[in-house]
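All residue numbers in this chain count up from 1 along the given sequence.
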Amino acid sequence: MIVGLVVTVAAFAVAGRRLWWLKRLAFSGQPAPERLEYARTHPGREAETQLTEVVGQRKLLQWTVPGMAHAATFWGFLVLLLTIIEAYGALFQRDFAIPVIGHWAVVGFIEDLFAVGVLCGISTFTVIRFRENPHKEGRRSRFFGSHTRAAWVVLAMIALVIITLLVYRGAQQNTGVFPYPHAWAFASWAVAQVLHPLGYGVNAVLEVVFILAQLAVVLAFLVVVTYSKHLHIFLAPVNVMFARRPDGLGPLEPMRSGGKVLDFEEADPDTDVFGIGKVEDLTWKGMLDLGTCTECGRCQSQCPAWATGKPLSPKQLILDLRDHAFAKAPYLLATEEERVTLSADVLAEAERPLVGGPDVNGVIDPEVIWACTNCGACVNECPVDIEHIDHINGMRRHQVLIESAFPAEATTMLNNLERRGNPWGMAEDKRAEWITELDFEVPVLDGTIPADTEYLYWVGCAGALDDRAKKATKAIAELLHVAGVKFAVLGPAEACTGDPARRLGNEFVYGMLAAQNIETLNDAGVGAGTGKKVIASCPHCFNTISREYPQLGGTYEVIHHTQLLARLVADGKLTPVTAVEEKITYHDPCFLGRHNKIYTPPREIIDAVPGTTAEEMHRCKGKGFCCGAGGARMWLEERTGKRINEERIDEALALDPDTISTACPYCMVMLGDAVNAKKAAGQAKQTLEVIDVAQLLVRAIKLREEAGQATDAS
């Protein structure tokens, strides 16, 4: 009893001291009152999330085998809390049983069942780690860059927890103090059969030794957890609780300083926080992200930048920030007087630039943050709700707004946005040229939208100015016209939504464009509550107008063109009846799919066209692979590794499709460029094309009309 209590007090003291230090470090970051407010005002939503994400292991179970192994281990430890209570009780009373439930046979059975489940789980993890050994697999292993030695230590400790548990329970059965009917606790009973020939005396000794060993291992595990990546056992529920809802995708968060949204007219770069320039510029939620990382590598395995040889690993980014925060902690937690007494190593760590190359000993290499496409695969995969994009974009914001350090080719794009309102710098009147190529009238608004017009079609820069994207724009307009849908466009009054500037990190240019567009949309009379809807054909425009403009007071009902077209087909207002005999594979745009969870409407349109044979690429829907254009990457050079759009096209070519369809002008441009390169190299058939699903649908409609005209002529 004395030994057990002394060890317990010592372990709790060591672990408690570490947790207190971690709490102080987390709160050295910026405030995040919006996270506390959401959790306070949505207790039901938070409880549901804890049940599904933490207890239910929803994200982990998407990876079937490792997910089931983790779930078995997690649920096992929840159940085995009962055995820890029993072990402590046995220190005071040898035949201790938990009051009320202590002799229920089913409890003994469940304890042993989950003990075996934990052993099966860690055996599975062992096999997985051998198969995905980063020393053999290199970058292909999702554990590349993880602290693998610590993982082996933890696996060994978990095994010891279960082994010591079963040995002392088996010995208890042989000494007659086991609280449950023996055969029900089947695993303990099996161990008891092995130990039975040793006799009562030896079993009595084993009982005491292994109860103490059980508690010692559990307490040692407690201490190790607070000093290792398995800290997520404690932090994951907290991080999930304060994560963004429904997830960290879709809109970027507004810039904040001291917990308040930054007002550029009053902000002072000398006193206000502009993005993330130092690790302490992270909010406490950002700091919590760093400590919660499990190093599982799921984010890394799904990252298009990492998959194509870029230096960006979302996991390694978080680990580098975490290691820097821990190394800088003595400086962050010290007073001004105490800082002068700190070691040279700590002071050197405190002076490291957060973003910088090897020449300045930067924590994060600039190429890492500029390689990100903002596709959201990392956030989507993370089982503990780390918000990688927020951290990357925060660092981009500081580099652009304070350091003026960003890829040189982005300068032209930003200048074009400021001067011309579009990334290409084309004249405003060019936005309406596509209308002249149609054989019907498309109203261009000059004032408020008419009462009999339900939709305002937001064409977007690419849809109005890029030759390939204009084909999709005209197809959408034609389909709406055929279906009898009344719509209008803004024409020259439209300007870029600001998405490229914001994703690059230039919040100032974004704010300028957003304010201009919000005023235009409000003047057009399409605000929320007016009964008018905005159609957006570009997922980036869709995401910005529907989910980011509300941060600036502009709230609108926005629908993506695939959603509207699918509904028109379902309602019988568009009826494709002539077969289009083609094998088609659909590419999910990241900002339509992962960011906004719109997967079904485009596929419904493809399925509605007779004759088509749809086949999915193996990376599709929530696990879809990026085209490489997001995060303002469409205007940046791709100098390292394989081009992301070529990687995606190689995946499509493996299916030998006749057509690659998508629902985003950015994707059309990027995938189209990759297809043209493959054709030039003789690696793709010359008839292969990349089109919007609207173009596919209009083919069936046109074929029907042409067939009708031929009949009339005869």
Side-chain angles (χ1 to χ4, degrees), residues 56-77 114-163 221 224-225 228-233 236 292-320 322 377-384 386 388 616-626 641-642 647-648 650-651 654:
Q57 304 273 284
R58 182 183 66 85
K59 281 191 173 182
L60 283 158
L61 287 171
Q62 291 174 355
W63 293 57
T64 309
V65 173
M68 291 177 65
H70 191 280
T73 306
F74 173 79
W75 294 331
F77 267 85
F114 278 92
V116 172
V118 171
L119 285 176
C120 291
I122 62 172
S123 298
T124 303
F125 290 142
T126 301
V127 172
I128 289 172
R129 285 192 170 272
F130 274 122
R131 291 182 61 182
E132 298 195 29
N133 185 345
H135 299 295
K136 294 181 180 178
E137 299 295 318
R139 288 174 63 102
R140 290 179 300 175
S141 170
R142 62 185 174 95
F143 301 119
F144 185 89
S146 298
H147 296 83
T148 53
R149 289 184 180 178
W152 286 115
V153 169
V154 168
L155 285 178
M157 294 193 75
I158 294 174
L160 283 174
V161 168
I162 303 303
I163 291 169
F221 185 66
V224 168
V225 161
S228 72
K229 76 183 188 71
H230 278 72
L231 187 63
H232 74 269
I233 293 173
T292 307
C293 181
T294 70
E295 303 185 28
C296 65
R298 287 172 171 81
C299 59
Q300 179 175 287
S301 69
Q302 300 299 304
C303 176
W306 182 259
T308 53
K310 314 294 190 292
L312 168 61
S313 159
K315 175 187 72 178
Q316 197 60 53
L317 173 87
I318 296 298
L319 297 186
D320 287 344
R322 182 185 73 189
C378 51
V379 178
N380 189 63
E381 290 298 327
C382 182
V384 292
I386 293 172
H388 312 75
E616 297 280 9
M617 288 179 269
H618 77 274
R619 289 187 286 204
C620 62
K621 298 183 180 178
K623 294 187 181 294
F625 196 79
C626 184
K642 184 179 181 181
E647 173 74 11
R648 184 55 163 168
D650 282 341
E651 189 173 341

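- Between Cys293 and Leu319, the shortest heavy-atom contact is SG-CD2, 3.9 Å.
- Residues satisfying the salt bridge (Lys or Arg N to Asp or Glu O under 4.0 Å) criterion with Lys229, sequence neighbours excluded, are absent altogether.
- For Lys621, the NZ atom is loosely surrounded, since the number of other residues' heavy atoms within 6.0 Å does not exceed 12.
- We find the OG1-CG distance between Thr148 and Asn133 to be 7.5 Å, quoted to the nearest 0.5 Å.
- When the ring pair (Phe, Tyr, Trp, His ring centres under 6.0 Å) test is applied to His230, the partners found at least two apart in sequence or on another chain are His232.
- Lys623 meets the salt bridge (Lys or Arg N to Asp or Glu O under 4.0 Å) test with Glu381; sequence neighbours excluded.
- In this view, Leu119 and Ile122, Ile162, Leu166 satisfy the side-chain contact (heavy atoms from CB on, under 4.5 Å) rule, not counting sequence neighbours.
- Residues meeting the side-chain contact (heavy atoms from CB on, under 4.5 Å) test with Cys299, sequence neighbours left out: Pro314, Lys315, Cys378, His388.
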| message | Working note: Arg129 + Leu155, criterion side-chain contact (heavy atoms from CB on, under 4.5 Å); need CA distance, chi angles, decisive distance, verdict. | response | CA-CA 11 Å; Arg129 285 192 170 272; Leu155 285 178; 4.1 Å; yes
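- Met157 pairs in a side chain to side chain contact (heavy atoms under 4.5 Å, CB included) with only one of the listed residues (Val154, Val161, Val153), which is Val153.
- Of all heavy-atom pairs between Gly56 and Leu61, the closest is O-CD1, 3.4 Å.
- Qualifying side-chain contact (heavy atoms from CB on, under 4.5 Å) partners for Ser141, counting only residues two or more places apart in sequence or in other chains: Glu132, Pro134, Glu137, Phe143.
- Residues Ile158 and Phe77 have side chains in contact (heavy-atom distance under 4.5 Å, counting atoms from C-beta outward).
- Listed by first and then second residue, the ring pair (Phe, Tyr, Trp, His ring centres under 6.0 Å) pairs that reach into residues 116-138 are Phe130-Trp152, sequence neighbours excluded.
- Listed by chain and number, the residues in a side chain to side chain donor-acceptor pair (under 3.5 Å) with Glu295 are His147, Arg322 (sequence neighbours excluded).
- Residues meeting the salt bridge (Lys or Arg N to Asp or Glu O under 4.0 Å) test with Glu647, sequence neighbours left out: Arg619, Lys642.
- Between Ser123 and Val127, the closest side-chain pair of non-hydrogen atoms is not below 4.5 Å.
- Rounding to the nearest 0.5 angstrom, the gap separating the CZ atom in Arg298 from the CD1 atom in Ile386 is 12.0 Å.
- A search for ring pair (Phe, Tyr, Trp, His ring centres under 6.0 Å) contacts involving Phe144 returns Trp306, not counting sequence neighbours.
- Contacts of Asp320 classified as side chain to side chain donor-acceptor pair (under 3.5 Å), with partners at least two apart in sequence or in another chain: Gln316.
- To the nearest 0.5 Å, atoms CZ (Phe625) and NE2 (His618) are separated by 9.0 Å.
- Pairing each heavy atom of Gln300 with each of Ser313, the nearest pair is OE1-OG, 2.6 Å.
- Remark: Thr294 OG1 to Leu60 CG distance equals 7.5 Å, nearest 0.5 Å.
- For Ala72, there are no side-chain contact (heavy atoms from CB on, under 4.5 Å) partners, not counting sequence neighbours.
- Heavy atoms only, all atoms of each residue included: Ile128 and Pro66 are closest at CD1-CB, 3.8 Å.
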